Engineer: 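The structure's right below; bear with me while I get my questions together.
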Amino acid sequence: MLLLLRQASPVKDRGMDQHEIPFAERRFRNARLRRGIFLLPSLFTSANLLCGYYAVVAALSGTVTDFDHAARAIGLAILFDSLDGRVARMTGTNTEFGVQFDSLADVVSFGIAPAVLAYAWGFRSVSPTAAINVEQLGQLGWIFCLAFLICCAWRLARFNVQGMAPGSSKFFVGMPTPAAAGVIAAIVHGFKVPLHDWRWSIGWFVLAAALGALMTSTIRYYSFKDIPGRVSSLLLRLFSCS
């Protein structure tokens with residue numbers, strides 16, 4: 001009997017080992033899938049950041065085609081920014097890290113990129129005249145565009161702390177940063193040719209400062225969150241057209 005038990009025990013041990021190996025592999029695959037799902041929103045945020053960086057580089061190049069490409073890149077950044085939050089909510093992968101990463105990407109795509117684009121598009125091609133000092137116009141431009149950038153960062157920080165408007169999740173407090181950046185990108189994309197008249201340049205820089213003031217205001221703006229997909233698809237069509 002003892003001999004039979006000794007011969008049977010290795011078989012039993014081997015049987016237990018054979019059952020444990022597939023179970024361990026299945027757990028490893030699930031863990032990788034879970035990590036991949038959590039990384040998915042960050043991929044859209046990274047695409048948003050890439051578009052913002054490309055818009056800055058294109059705006060610095062200064063040709064008509066580059067300005068148009070920069071405007072389109074900001075439009076695509078708006079699309080990716082709307083998708084990363086939607087994907088995070090659909091997959092249940094909302095994290096504090098994702099919120100902070102998204103805000104940092106938005107500072108680049110909707111703060112730095114449109115500020116640089118607005119300054120370069122509104123000042124680079126202005127012809128020197130006796131009516132105005134071009135140097136002073138450039139100083140006015142970068143100060144107003146800097147104000148736009150500061151207001152964008154301030155708006156994002158306030159949203160991270162306060163969230164949506166009190167009592168309703170359908171309204172933002174202050175103009176959303178993608179909307180303000182979208183106004184600048186849409187105008188550049190629509191006109192394409194940079195400004196040559198200093199009077200139009202002053203009006204352009206005042207518009208950039210006004211958009212910054214709207215971002216930091218307490219005016220309520222409709223969020224359009226109950227119209228899923230329509231705004232994103234509209235932006236994609238606008239900025240994919242030649």
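This one's a predicted model, so the numbers in the text were calculated from it and none came from an experiment. Starting from 1, each residue takes its place in the sequence as its number.
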Engineer: Are V108 and Y54 grouped together when hydrophobic residues (ILVMFWY) are joined by side-chain heavy atoms under 4.5 angstrom apart?
Structural biologist: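 No: no chain of side-chain contacts under 4.5 Å links V108 to Y54.
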Engineer: Please say yes or no: joined through hydrophobic side-chain contacts below 4.5 Å, possibly via intermediate residues, are L117 and V64 part of one cluster?
Structural biologist: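 No: no chain of side-chain contacts under 4.5 Å links L117 to V64.
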Engineer: When you measure from the side chain of R124 to the backbone N and O of L60, does any donor-acceptor pair fall under 3.5 Å?
Structural biologist: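 Yes.
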Engineer: With no hydrogens and no angle check, is any side-chain donor or acceptor of T216 less than 3.5 Å from a backbone partner on A213?
Structural biologist: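 Present.
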Engineer: My understanding is that only residues two or more places apart in sequence, or in another chain, count here; which of them pass salt bridge (Lys or Arg N to Asp or Glu O under 4.0 Å) with R199?
Structural biologist: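 Only D197 meet the salt bridge (Lys or Arg N to Asp or Glu O under 4.0 Å) criterion with R199.
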Engineer: I need the minimum non-hydrogen distance between F97 and S42, along with the two atoms involved.
Structural biologist: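 Closest pair (atom of F97, atom of S42, distance): CE2-OG, 4.3 Å.
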Engineer: Side-chain contact, heavy-atom cut-off 4.5 Å: F44 with N48?
Structural biologist: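 Side-chain contact under 4.5 Å: no.
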Engineer: To the nearest 0.5 Å, what is the distance between CG on L207 and CG on L214?
Structural biologist: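 Here the interatomic distance stands at 9.0 Å.
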Engineer: Of the non-hydrogen atoms in V173 and R158, which two are nearest, and what is the gap between them?
Structural biologist: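 For V173 versus R158, the nearest heavy atoms are O-NH2, 2.7 Å.
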Engineer: A side-chain contact here means heavy atoms from C-beta on lying under 4.5 Å apart; do I184 and L211 qualify?
Structural biologist: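 Contact flag for I184/L211 side chains = yes.
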Engineer: F110 vs L156, test: side-chain contact (heavy atoms from CB on, under 4.5 Å). Steps then yes/no.
Structural biologist: CA-CA 10 Å; F110 310 136; L156 290 167; over 6 Å; no
Engineer: Hey, what do you get for CG (D84) to CG (L79), rounding to the nearest 0.5 Å?
Structural biologist: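 The CG atom of D84 sits 10.0 Å away from the CG atom of L79.
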Engineer: Considering all heavy atoms of both residues, which atom of L195 and which atom of W200 are nearest to each other, and what is their separation?
Structural biologist: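 For L195 and W200, the tightest heavy-atom pair comes out as CD1-O, 3.7 Å.
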Engineer: Linking I/L/V/M/F/W/Y whenever their side-chain heavy atoms sit closer than 4.5 Å, directly or via other members, would V193 and V188 fall into one cluster?
Structural biologist: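 Different clusters.
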Engineer: So, for I78 and G182, which heavy atoms are closest and what is the spacing to 0.1 Å?
Structural biologist: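 Residues I78 and G182, closest heavy atoms: CD1-CA, 3.8 Å.
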Engineer: May I ask whether V99 and V107 are part of the same hydrophobic cluster, defined by side-chain heavy atoms of I, L, V, M, F, W, Y residues being less than 4.5 angstrom apart, directly or through others?
Structural biologist: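 No, V99 does not connect to V107 through the hydrophobic network.
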Engineer: Looking only at heavy atoms, which two atoms of A58 and D66 are closest? And how far apart?
Structural biologist: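 Closest approach of A58 to D66, heavy atoms only: O-CB, 3.1 Å.
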Engineer: Would you indicate whether F101, at its atom CZ, is surrounded by more than 12 heavy atoms from other residues, nucleotides or ligands within a distance under 6.0 Å?
Structural biologist: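 For F101, atom CZ is crowded (more than 12 foreign heavy atoms under 6.0 Å).
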Engineer: For the CZ atom of F144 and the OH atom of Y119, what is their distance to the nearest 0.5 Å?
Structural biologist: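 The CZ atom of F144 sits 13.5 Å away from the OH atom of Y119.
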Engineer: Ignoring hydrogens and angles, tell me if any N or O in the side chain of S201 forms a donor-acceptor pair with the backbone of G122 under 3.5 Å.
Structural biologist: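 Side chain of S201 to backbone of G122: a pair is present.
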Engineer: Can you tell if the side chain of V126 reaches within under 4.5 Å of the side chain of H196, non-hydrogen atoms only?
Structural biologist: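 With C-beta onward as the side chain, the pair stays apart.
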Engineer: Say whether, by atom type as modelled, one donor and one acceptor occur between the side chain of R72 and the main chain of A55 under 3.5 angstrom.
Structural biologist: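 No, because the side chain of R72 does not come within donor-acceptor range (under 3.5 Å) of the backbone of A55.
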Engineer: Taking atom OG of S109 and atom CG of L104, what is their separation to the nearest 0.5 Å?
Structural biologist: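 Here the interatomic distance stands at 11.0 Å.
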Engineer: Is it the case that the side chain of W204 and the backbone of A118 share a donor-acceptor pair, with hydrogens and angles ignored and the cut-off at 3.5 Å?
Structural biologist: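 Yes; at least one donor-acceptor contact below 3.5 Å.
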Engineer: Evaluate side-chain contact (heavy atoms from CB on, under 4.5 Å) for L43 paired with V87, printing each intermediate quantity in order.
Structural biologist: CA-CA 10 Å; L43 292 177; V87 169; over 6 Å; no
Engineer: Would you say T177's side chain and C152's backbone share a donor-acceptor pair under 3.5 angstrom?
Structural biologist: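 Flag not set: sc T177 to bb C152 has no pair under 3.5 Å.
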Engineer: Once you round to the nearest 0.5 Å, how far does CG of D81 lie from CD1 of I74?
Structural biologist: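 Reported to 0.5 Å precision, the distance equals 12.5 Å.
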Engineer: Side chains of V134 and F123: does their closest heavy-atom pair fall under 4.5 Å?
Structural biologist: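 Yes; the side chains approach each other to less than 4.5 Å.
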Engineer: If two hydrophobic side chains count as joined below 4.5 Å and joins carry through other members, does V116 share a cluster with L50?
Structural biologist: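 No, separate clusters.
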Engineer: Can you measure from CG (L146) to CD1 (I143) and round to the nearest 0.5 angstrom?
Structural biologist: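 Between L146 CG and I143 CD1, I get 8.0 Å after rounding to 0.5 Å.
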Engineer: Would one find more than 12 heavy atoms of other residues, nucleotides or ligands at under 6.0 Å from atom CZ of F191?
Structural biologist: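 For F191, atom CZ is not crowded (no more than 12 foreign heavy atoms under 6.0 Å).
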Engineer: If you compare all heavy atoms of A59 against all heavy atoms of F67, which two are closest, and at what distance to 0.1 Å?
Structural biologist: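 Looking at all heavy atoms of both residues, the closest pair is O-CE2, 3.5 Å.
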Engineer: Is the backbone of K192 close enough, under 3.5 Å, to the side chain of W121 for a donor and an acceptor to pair up by distance?
Structural biologist: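 Judged by distance alone, yes, a pair lies under 3.5 Å.
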Engineer: Examine the side chains of S103 and N160 and answer whether a donor and an acceptor come within less than 3.5 Å of each other.
Structural biologist: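 Yes, side-chain donor-acceptor contact under 3.5 Å.
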Engineer: Evaluate side-chain hydrogen bond (donor to acceptor under 3.5 Å, both in side chains) for Q100 paired with E96, printing each intermediate quantity in order.
Structural biologist: CA-CA 6 Å; Q100 301 304 325; E96 185 62 26; 2.7 Å; yes
